[in-house]
Amino acid sequence: MAADLSQLVKAYDVRGVVPDQWGEPLAELFGAAFVQVTGASAIVIGHDMRPSSPGLSRAFARGAAARGVDVTEIGLCSTDQLYYASGALNLPGAMFTASHNPAQYNGIKLCRAGAAPVGQDTGLAEIRELVELWSESGAPAAPAASPGTITQRDTLKDYAAHLRTLVDLTSNRQLKVVVDAGNGMGGHTVPTVFAGLPLDLVPMYFELDGTFPNHEANPLDPANLVDLQKRVREEGADLGIAFDGDADRCFVIDEHGDPVSPSAVTALVAARELARHGGKGTIIHNLITSWSVPEVVKENGGTPVRTRVGHSFIKAEMARSGAIFGGEHSAHYYFKDFWNADTGMLAALHVLAALGGQEGPLSALFAQYDRYTGSGEINSTVDDQTARLAAIRSAYEGREGVTLDELDGLTITTADWWFNVRPSNTEPLLRLNAEARDEPTMAKVRDEVLGIIRG
């Protein structure tokens, strides 16, 4: 019987529980299908620290090599280190990780040469169809006369060197920074990237451990920042940085232990990237980042472009528009000089350079980029997403000074506040984000909309 991959192949990647939903036999078929769909003659593969990652990664390599394709294994790496290898070597790539998911999960993030994304519309659907077919009939005989080679290569130093050509910290003042790697891949990359910089590094949970013994490697959940916040205050550190499991996202904590909004980080990095590109360029932001982001972009000579939520939309728009930088509310940061791919490490270096290049504390530095009050993302389980969205529309449509748009869900905007409600693609949820010029207004709007959503 053919495998049913509907729960395993998501919009942007492969992800599921090992061994319940998938394992090495399927990984081998994914390797064969990936090279067939991309037409690659060589690929690069990396993996995170999860217990199942080395075996899945090697099975994928076998499946690819059996079809005559040469495989370069870069071993333990962060997701953005795999993107670096795909870009620098100009090869399609596969990263074995389940990012911030719990230990029993694993997955594959795929890209074409130059770190170009592979999602449902750009090859993932065809890969899924082949794997489903071959899981029943077996993969057809390889077209190549002889199998490809599997070789190892260490790219960590080259990755670190590339990042350091993009942000210069050498003349900065000394900073004390606490980094919480969450037992994820930041513990592997940070020591090499930060080596020799004017940083007094206080490491937390740098031991690679895919069972996540201290806390989940998901800094989007405030519960997972508590240890870092406490340590920043105890150490009297200038800032704290938290990475997720595969270290492609970074979260920033100020000297008081307070989280810095990813929108404020987006605005700061946008201003720095615009300065680096002569005060002009396009900056991409998704529609639920703060009003601060397009304001700062315009103030610094740039052109803000608003997109739907999701990395495939951001990366596609960056490629289309030639944008120099893009940011999301979820702390994904995308750089033209990094093959339009997302890298939390490069964003972290920008924050360190901005702080170390002046004398004030981080909270004061970010005050200019954090101008409004946001609700954060609030999820509600609903029976009927369409009906709830229609109810919200009818409640606000026709009110004076209100504009509506449906770029991604429903966005309602006035001069003093806005909110967006969008359905989850995978669960019966509606996601609310609201922002206003002050806290009481935001709370009023948030509670009014939640009242309609939750009926």
Side-chain angles (χ1 to χ4, degrees), residues 78 100 163 167 169 172-209 212-269 272 290 327 329-333 343-370 373-374 376:
S78 60
H100 60 277
L163 292 179
V167 179
L169 285 106
N172 274 26
R173 65 185 168 100
Q174 191 81 15
L175 296 174
K176 187 174 198 178
V177 54
V178 184
V179 176
D180 182 347
N183 298 106
M185 293 313 304
H188 177 71
T189 55
V190 167
T192 301
V193 176
F194 284 14
L197 296 176
L199 300 170
D200 177 9
L201 173 63
V202 181
M204 290 182 70
Y205 313 142
F206 270 38
E207 309 73 32
L208 300 182
D209 188 339
F212 306 114
N214 295 291
H215 59 71
E216 278 192 358
N218 178 17
L220 208 51
D221 181 345
N224 298 321
L225 294 175
V226 172
D227 292 359
L228 175 61
Q229 292 170 295
K230 181 167 175 273
R231 190 70 178 271
V232 166
R233 290 190 287 260
E234 285 173 356
E235 295 279 348
D238 294 290
L239 76 162
I241 296 170
F243 290 98
D244 66 344
D246 59 337
D248 61 350
R249 292 186 296 155
C250 87
F251 290 74
V252 179
I253 303 293
D254 73 15
E255 76 282 4
H256 303 302
D258 295 326
V260 176
S261 127
S263 286
V265 174
T266 296
L268 170 108
V269 178
R272 288 179 51 85
S290 170
H329 72 296
S330 55
H332 280 285
Y333 305 105
T343 162
M345 189 66 76
L346 188 50
L349 291 176
H350 271 288
V351 171
L352 290 164
L355 178 61
Q358 49 91 67
E359 289 306 314
L362 193 73
S363 56
L365 174 67
F366 271 111
Q368 62 188 303
Y369 300 111
D370 201 0
T373 301

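Residues take their numbers from the sequence shown, with the count starting at 1. Note that these values count all heavy atoms, side chains included, but never hydrogens, waters or copies made by symmetry.
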Engineer: If you apply the rule side chain to side chain contact (heavy atoms under 4.5 Å, CB included), what do you find for V177 with L239, and how did you get there?
Structural biologist: CA-CA 5 Å; V177 54; L239 76 162; 3.8 Å; yes

Engineer: If you take all heavy atoms of N183 and E207, which pair is closest and at what distance?
Structural biologist: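 Smallest interatomic distance, heavy atoms only, reads ND2-O, 2.8 Å.
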
Engineer: Kindly indicate whether the side chain of V252, heavy atoms from C-beta on, has any atom under 4.5 Å from the side chain of D254.
Structural biologist: no

Engineer: Is any side-chain heavy atom of P219 closer than 4.5 Å to a side-chain heavy atom of N224?
Structural biologist: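 Contact flag for P219/N224 side chains = no.
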
Engineer: Does either side chain, that of H215 or that of D180, offer a donor lying less than 3.5 Å from an acceptor on the other one?
Structural biologist: yes

Engineer: Output the distance between atom CG (L225) and atom CZ (R231), rounded to the nearest 0.5 Å.
Structural biologist: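 Atom-to-atom, L225:CG and R231:CZ are 15.5 Å apart.
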
Engineer: Provide the full list of side chain to side chain donor-acceptor pair (under 3.5 Å) pairs with a residue in residues 186-205, sequence neighbours left out, each pair given once.
Structural biologist: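 Residue pairs passing side chain to side chain donor-acceptor pair (under 3.5 Å), neighbours aside: Y205-D227.
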
Engineer: Can you find a pair of side-chain heavy atoms, one from S78 and one from M345, that are under 4.5 Å apart?
Structural biologist: no

Engineer: Which heavy atom of V178 sits nearest to which heavy atom of A237, and what is that distance?
Structural biologist: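 It is CG2-CB, 3.7 Å.
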
Engineer: Under a 3.5 Å distance rule, please check whether R173 uses its side chain to pair with a backbone N or O of G357 as donor and acceptor.
Structural biologist: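 The answer is no, because no donor-acceptor pair under 3.5 Å joins these two groups.
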
Engineer: Measuring from atom NE2 of H100 to atom CG of D221, what distance do you get when rounded to the nearest 0.5 angstrom?
Structural biologist: 10.0 Å

Engineer: Is the side chain of S263 donor-acceptor paired with the backbone N or O of S290 at a distance under 3.5 Å, no angle test?
Structural biologist: yes

Engineer: How long is the straight-line distance from CG of N172 back to CD of Q358, given to the nearest 0.5 Å?
Structural biologist: 9.5 Å

Engineer: Out of curiosity, T343 OG1 to R249 CZ, how far, rounded to the nearest 0.5 Å?
Structural biologist: 13.5 Å

Engineer: Would you indicate whether the side-chain heavy atoms of F366 and V351 approach each other to under 4.5 Å?
Structural biologist: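 Yes; the side chains approach each other to less than 4.5 Å.
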
Engineer: For residues L349 and V167, report the shortest heavy-atom separation together with the two atoms involved.
Structural biologist: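 Heavy-atom minimum between the residues: O-CG1, 3.6 Å.
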
Engineer: Atom NZ of K176 and atom CG of L199: how far apart are they, to the nearest 0.5 Å?
Structural biologist: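 It is 13.0 Å, given to the nearest 0.5 Å.
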
Engineer: Flag the pair H332 / P262 as yes when at least one side-chain heavy-atom distance between them is below 4.5 Å, and no otherwise.
Structural biologist: no

Engineer: Side-chain contact test, heavy atoms from C-beta onward, threshold under 4.5 Å: evaluate it for V269 versus Y333 and give yes or no.
Structural biologist: no

Engineer: Identify the heavy atoms of L352 and L169 that sit nearest to each other, and give their distance.
Structural biologist: CB-CD2, 3.6 Å

Engineer: Are any of the side-chain heavy atoms of L220 and F251 separated by less than 4.5 Å?
Structural biologist: yes

Engineer: If the condition is salt bridge (Lys or Arg N to Asp or Glu O under 4.0 Å), which residues does R272 pass it with, not counting sequence neighbours?
Structural biologist: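 Expected list: none.
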
Engineer: Please round to the nearest 0.5 Å and tell me the distance separating atom CD1 of I253 and atom OG of S363.
Structural biologist: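 If we round to the nearest 0.5 Å, I253:CD1 and S363:OG are 12.5 Å apart.
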
Engineer: Please name all residues satisfying salt bridge (Lys or Arg N to Asp or Glu O under 4.0 Å) with E234, sequence neighbours left out, ordered by chain then number.
Structural biologist: K230

Engineer: For G360 and L355, work out which heavy atoms get closest and say how close.
Structural biologist: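 Of all heavy-atom pairs spanning G360 and L355, the closest is O-CD1, 3.5 Å.
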
Engineer: Any side-chain heavy atom of L365 within less than 4.5 Å of one from L268?
Structural biologist: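 When only atoms from C-beta onward are counted, L268 and L365 do touch, with a gap below 4.5 Å.
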
Engineer: What is the minimum heavy-atom distance between F212 and G182, and which atoms define it?
Structural biologist: CD2-O, 3.5 Å

